[in-house]
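In what follows, a structure is listed as structure tokens, so that the remarks can point back to it.
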Protein chains: 2
Amino acid sequence: MKVFLKAVKEHFSNQQIFLFFVSEHLLTFIMLSNRQKQIIEESINIIHIHGIQGFTIKNLSEALGLSEAAIYRHFKSKTEIICTLLDSFIEILTDFIQLIKENEFSPLEKIKTIFEKLSLIFSNKPAYVSVIFAEEIFKNDKLLSVKVNKILKKNNETFNSIIKEGQNNNEITKSVSNQELTLMTMGAFRLMVKNWKMNNFSFDLKKSSEKLYYSIETLIKTKDN
Amino acid sequence: MKVFLKAVKEHFSNQQIFLFFVSEHLLTFIMLSNRQKQIIEESINIIHIHGIQGFTIKNLSEALGLSEAAIYRHFKSKTEIICTLLDSFIEILTDFIQLIKENEFSPLEKIKTIFEKLSLIFSNKPAYVSVIFAEEIFKNDKLLSVKVNKILKKNNETFNSIIKEGQNNNEITKSVSNQELTLMTMGAFRLMVKNWKMNNFSFDLKKSSEKLYYSIETLIKTKDN
DNA sequence: AGGTCATTAGTTAATACTAACTAACTACAA
DNA sequence: TTGTAGTTAGTTAGTATTAACTAATGACCT
């Protein structure tokens with residue numbers, strides 16, 4: 001995967017690479033059979049619609065038009081399904097962050113890009129929101145909750161380092177420490193997405209996201225004298 | 001309750017009234033028997049520690065040192081327990097918000113007060129965080145998810161109106177619209193609490209909360225010329 | 001004696017998962 | 001080209017366990 005991505009980067013622009021992540025099938029790169037991908041996608045859908053309590057092997061198999069036993073041909077347990085699901089998110093996120101960090105944008109441009117791309121992904125697949133933004137739902141299993149916390153922590157660190165970079169090169173205000181700026185930037189984005197979900201995805205997330213970015217920029221960008 | 005609160009307000013300062021809410025037993029005012037209160041408190045604890053998946057009648061009764069059947073003497077169903085739990089939160093929150101709105105503080109002072117009081121409540125009873133901040137967890141039941149969304153919406157509206165008030169009287173910047181300021185203020189607070197939880201409540205929430213408030217103030221307070 | 005609060009011992013339905021089996025395909029030697 | 005062996009992906013019909021919930025009963029206090 002890492003090697004492949006490197007090869008991809010040599011032939012395409014950053015903009016084009018982003019399209020890989022945003023494309024209809026987010027799980028393209030993971031080493032899974034078609035049936036496994038289908039099971040994962042359907043699992044995300046079920047969690048999205050019915051919550052974890054509604055995520056049962058019976059519901060899953062019915063949604064796929066298979067018998068319950070058939071699921072176990074492709075995953076050895078329910079936990080393995082959730083694990084795979086989370087791992088694929090972690091992997092995609094890791095590469096996404098890597099791409100953002102490495103490119104030549106300024107820190108504010110990076111934040112803008114993150115807002116743009118994430119709101120695009122969520123607009124295309126609202127079901128992902130339910131899984132990524134619900135840190136509580138896999139609390140049952142220690143292994144799973146660790147994985148979910150990892151996602152949150154990773155995002156935190158990414159914003160933190162981007163903002164620190166911005167403060168160092170005088171693009172972002174130093175009147176407030178980077179930890180608090182991270183809370184405000186990331187927290188605002190998360191709450192916006194949560195509100196969007198609560199309103200049944202009825203408003204245009206991409207537009208709201210853009211508006212939010214410019215508001216944040218207004219407040220945290222260093223003023224020219 | 002409303003009448004009672006009004007009577008209380010005539011005899012005590014705002015500061016003292018807050019202590020009612022912050023006191024050990026948040027559920028004091030709700031019309032519940034002692035056993036019922038105990039069941040609700042224990043339910044919150046279980047959800048806090050084991051998640052909703054671990055919130056079963058068996059676990060609950062064991063934690064209380066009762067038989068499973070005994071629970072049904074006090075609540076007619078599991079759903080009724082959760083309903084009561086959420087209703088008590090909604091009631092407390094409603095009165096809390098009312099108190100904030102009515103007092104003579106300036107908008108920024110109001111926000112500061114909310115940060116202070118909420119971080120105090122959560123510090124005393126971290127279990128409450130898991131319930132209030134986990135909008136996903138009761139998704140199973142339509143009635144319950146409506147209740148939880150109501151809490152989020154109410155908080156949203158409160159911040160919105162406080163910030164609008166601040167913009168009208170020139171205490172808060174108008175360079176950014178109040179909806180975005182709400183996202184940043186409330187979103188930052190929520191994310192801080194979530195991080196606190198993720199770090200096993202190990203840092204001092206009250207201190208972090210104070211620091212966050214002053215950071216927000218720095219960014220959104222109208223500059224004197 | 002009656003009300004309150006608990007118990008024990010169940011029920012029913014749902015859960016994750018398994019055993020035993022099979023149709024359809026694939027690889028490849030005769 | 002065809003017979004054979006093995007694989008893949010599915011089936012039906014179960015298992016043990018656990019969930020929420022209930023009926024019948026007992027103990028204690030006033």
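Chain naming here is simple, since letters A, B, ... match the order of the sequence lines and numbering starts at 1 in each. Atoms considered below: every heavy atom in the structure, side chains included; atoms not considered: hydrogens, waters and symmetry mates.
Salt bridge absent: B:Lys197 and A:Glu135 never bring a charged side-chain N and a carboxylate O closer than 4.0 Å.
Among pairs with a residue in residues 45-54 of chain B, those fulfilling side-chain hydrogen bond (donor to acceptor under 3.5 Å, both in side chains) read B:His48-B:Ser130, at least two apart in sequence or across chains.
Counting non-hydrogen atoms under 4.0 angstrom, B:Ile71 reaches nothing in the nucleic acid. Within the 4.0 angstrom heavy-atom criterion, only backbone atoms of the sugar-phosphate kind lie near B:Thr56; the bases stay farther away. Contacts of A:Phe55 with the nucleic acid, taken as non-hydrogen atoms under 4.0 Å apart, involve only primed sugar atoms and P, OP1 or OP2.
For the pair A:Lys78 and A:Tyr72, the NZ or CZ position fails the cation-pi test of under 6.0 Å to the six-membered ring centre and within 45 degrees of the ring normal.
Following rounding to the nearest Å, A:Lys78 (NZ) and C:dA14 (P) show an atom-to-atom distance of 15 Å. Atom OH in B:Tyr72 sits roughly 17 Å away from atom P in C:dT11 (whole-Å rounding). When rounded to the nearest whole Å, the span between CD1 of A:Ile46 and P of C:dT15 equals 12 Å. As a whole-Å value, the separation of B:Ile57 CD1 from C:dT15 P is 17 Å. Rounded to a whole Å, the CZ atom of B:Phe75 is 15 Å from the C1' atom of C:dC5. One interatomic measurement links the two molecules: CD of A:Gln53 to P of C:dA14, which rounds to 15 Å at whole-angstrom precision.
The side chain of B:His74 contributes an N or O atom lying less than 4.0 Å from OP1 or OP2 of C:dA6.
When each of A:Arg73 and A:Lys58 is assigned the nucleotide of DNA chain C with its nearest heavy atom, A:Lys58 is the one assigned upstream, toward the 5' end.
Other residues, nucleotides and ligands contribute only 12 or fewer heavy atoms inside 6.0 Å of the NZ atom of A:Lys164.
In this structure, A:Ser123 OG and A:Lys207 NZ are separated by 11.5 Å, a value rounded to the nearest 0.5 Å. Once rounded to the nearest 0.5 Å, the distance linking CG of A:Leu183 with CD of A:Gln179 reads 5.0 Å.
A:Glu62 places none of its side-chain heavy atoms less than 4.5 Å from the side chain of A:Glu68.
If you walk DNA chain D from 5' to 3' and mark each nucleotide with an atom closer than 4.0 Å to a heavy atom of chain B, the marks span D:dA19 to D:dA23.
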